[in-house]
Amino acid sequence: MVDTLGVAVIGFGWMGRVHTQAYARVRHHYPHLRLVPELVTVAEEVPDRAEEAAGQFGFASTTRDWRDVAADPRVQAVSITAPNFLHREIGVAMAEAGKHIWVEKPVGLTTEDARAVADAVAAAGVQGTVGFNYRNAPAVEAARELIASGEIGTVTHVRIRLFSDYAAHPEGALTWRYERERGGSGVLGDLASHGADLARHLLGDIASLTADTAIFLPERARPTGATAGHSRASGGELGPVENEDYVSCLLRFASGARGVLEACRVSVGEQNNYGFEVHGTKGAVFWDFRRMNELGISRGTTYQDQAVTTVYVGPGHGEFAAFQPGAANAMGYDDLKVIEAYRFLRSIAEGAPHGATLTDAVQSAAVLDAVSRSAASGAWVAVDARR
């Protein structure tokens, strides 16, 4: 038996579009899914943007005020893709209204924001999924299984990188992303949140860290109109960039492993250079998002001069079989969000979480808060997600 589920999208920038496309595609890849998403309404305060979304994707209605979504009895689940500073208010309101939520990372500006949403979801008995999409890559899931199996021995150290040029242009507009009050912690929330989640997903909890941050482009021009994505502005009034362009940190895991996490949003010459290298006492595993469907694996008993083999993921690795019939057929970024949509809808159908949860968001936020404290003090700082 198949039931429909009324869904809403709040915030229709690029990520709102990605969520909507995932809802539209999810049954194509998961035909046995018990819940079929129905696009009920889209909320967007920018004039005409919601109407354009409805015309293109078929939402039944539109609104300029997200609060209308909480009061709409047709809506049972909500994608929250609005700016970071709204995550807590919207997330809590939707949970209290009995709506399941799929919220983009970092879930607010602080650990307390993420915890408030997590607590509201738990109190309401609804499901909550978080947009840590890189953990959904079949190669990443294969790497996690490989590490857990002990095939590369005891993990000794990991390097996680997230380099991008989305903010590298000096004419990049001074949007909410660069303001502490609305964007929060800059590249920490944008990219390092993914790195913190990957680190924990692959290797377990981070016990402590020491970090350094920097702002390399201290001023940007204020936009004169509505923006979406990473728009440019020139000739406008200059304003200060208030949050980080760059972060690097040394990690100590609860397991005893060591790590390096580095992220930058102004890396000229780098386009979405995301990945990790995990080393163990018997081998290593390597992943590069730009070659998303490959893993570099070194294992055996040679140790010195041990070869690295390229493995193409295929059916049997994560959710690959839902998209392609054989290894080396490529998957892309949007497919990861389809997997996320599937796990969200499956969580609702089964009443149990699948995929990244609000608990994962709290854990990632605790790492980011520790990074901020360490960068300010210059000291090693413990990571503690407890109350």
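What you see is a predicted model; the values in this text were computed from it and never measured.
- Just one residue in the list I101, T359, T129, T357 forms a side-chain contact (heavy atoms from CB on, under 4.5 Å) with V121, and that residue is I101.
- Using a cut-off of 4.0 Å between Lys/Arg side-chain N and Asp/Glu carboxylate O, R291 and E294 are scored as salt-bridged.
- V247 is not connected to F132 by any chain of hydrophobic side-chain contacts under 4.5 Å among Ile, Leu, Val, Met, Phe, Trp and Tyr, and they are in different clusters.
- Rounded to the nearest 0.5 Å, atoms CE (M94) and CD (E89) are 9.5 Å apart.
- Salt bridge status for R343 with E319: present, with a side-chain N to carboxylate O gap under 4.0 Å.
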Requested in this report: Applying ring pair (Phe, Tyr, Trp, His ring centres under 6.0 Å), run through F12 and W66 and close with a yes or a no.
Outcome: CA-CA 11 Å; F12 207 81; W66 62 261; over 10 Å; no
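- Side chain of Q306 to backbone of T302: a donor-acceptor contact under 3.5 angstrom is found.
- Side-chain atoms of N136 and E340 form a donor-acceptor pair, as typed in the model, at a separation below 3.5 Å.
- In this structure, R49 does not pair ionically with E52, as no charged nitrogen and carboxylate oxygen lie closer than 4.0 Å.
- Side-chain contact check for R290 and N273: at least one donor-acceptor pair (N or O, by modelled atom type) lies under 3.5 Å.
- Remark: aromatic rings of Y274 and Y134 are close, center separation under 6.0 Å.
- Counting heavy atoms of neighbouring residues, nucleotides and ligands inside a 6.0 Å radius, atom CD of E141 exceeds 12 of them.
- Side chain to side chain, T41 and S61 meet the donor-acceptor criterion of an N or O pair below 3.5 Å.
- Going from atom NE2 of H201 over to atom CG of D360 covers 8.5 Å, rounded to the nearest 0.5 Å.
- Under the 3.5 Å distance criterion, the side-chain polar atoms of H87 are matched with a main-chain donor or acceptor of V107.
- Between the side chains of E262 and Y246, at least one donor N or O lies within less than 3.5 Å of an accepting N or O.
- For the residue pair H317 and Y312, the shortest heavy atom distance occurs at CE1-O, 4.5 Å.
- We find that R161 and D288 are joined by a salt bridge, their nearest charged nitrogen and carboxylate oxygen being less than 4.0 Å apart.
- Remark: the backbone N or O of G204 is not paired with any side-chain donor or acceptor of R200 at under 3.5 angstrom.
- Looking at S267 and D165, their side chains never bring a donor and an acceptor atom within 3.5 Å of each other.
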**Report entry** Check against salt bridge (charged side-chain N to carboxylate O under 4.0 Å, His left out), E151 and R299
**Finding:** CA-CA 7 Å; E151 286 197 57; R299 54 189 167 187; 2.8 Å; yes
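- A distance-only check finds no donor-acceptor pair linking the side chain of S374 to the backbone of V371 [under 3.5 Å].
- Taken from SG in C249 to CG in L368, the straight-line distance is 9.0 Å, to the nearest 0.5 Å.
- Between E270 and R265 no salt bridge is recorded (no basic side-chain N to carboxylate O distance below 4.0 Å).
- The pair R180-E244 meets the salt-bridge criterion, since a charged nitrogen lies less than 4.0 angstrom from a carboxylate oxygen.
- In this structure a side-chain-to-backbone donor-acceptor pair under 3.5 Å is missing from S193 to P106.
- One N or O on the side chain of N329 and one on the backbone of G326 form a donor-acceptor pair closer than 3.5 Å.
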Report task. Check the pair H279, F286 against ring pair (Phe, Tyr, Trp, His ring centres under 6.0 Å), reporting the backbone distance first and the verdict last. Result -> CA-CA 9 Å; H279 294 267; F286 310 89; 5.6 Å; yes
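- A distance of 9.0 Å separates OG of S79 from CD1 of I10, quoted to the nearest 0.5 Å.
- Note on ring orientation: taking the six-membered ring where Trp is involved, the planes of Y30 and Y342 are parallel (angle under 30°, cut-offs 30° and 60°).
- Heavy atoms only, all atoms of each residue included: A199 and F253 are closest at O-CE2, 3.8 Å.
- Note that R220 lies in the cation-pi zone of Y178, set by a 6.0 Å cut-off to the ring centre and a 45° limit from the axis.
- The residues E350 and R34 are annotated as not salt-bridged, no charged nitrogen and carboxylate oxygen being separated by less than 4.0 angstrom.
- Put simply, the side chain of D113 gets close to the backbone of L109: a donor and an acceptor are under 3.5 Å apart.
- D205 places no side-chain N or O within 3.5 Å of a backbone atom of A207 that could act as its donor or acceptor partner.
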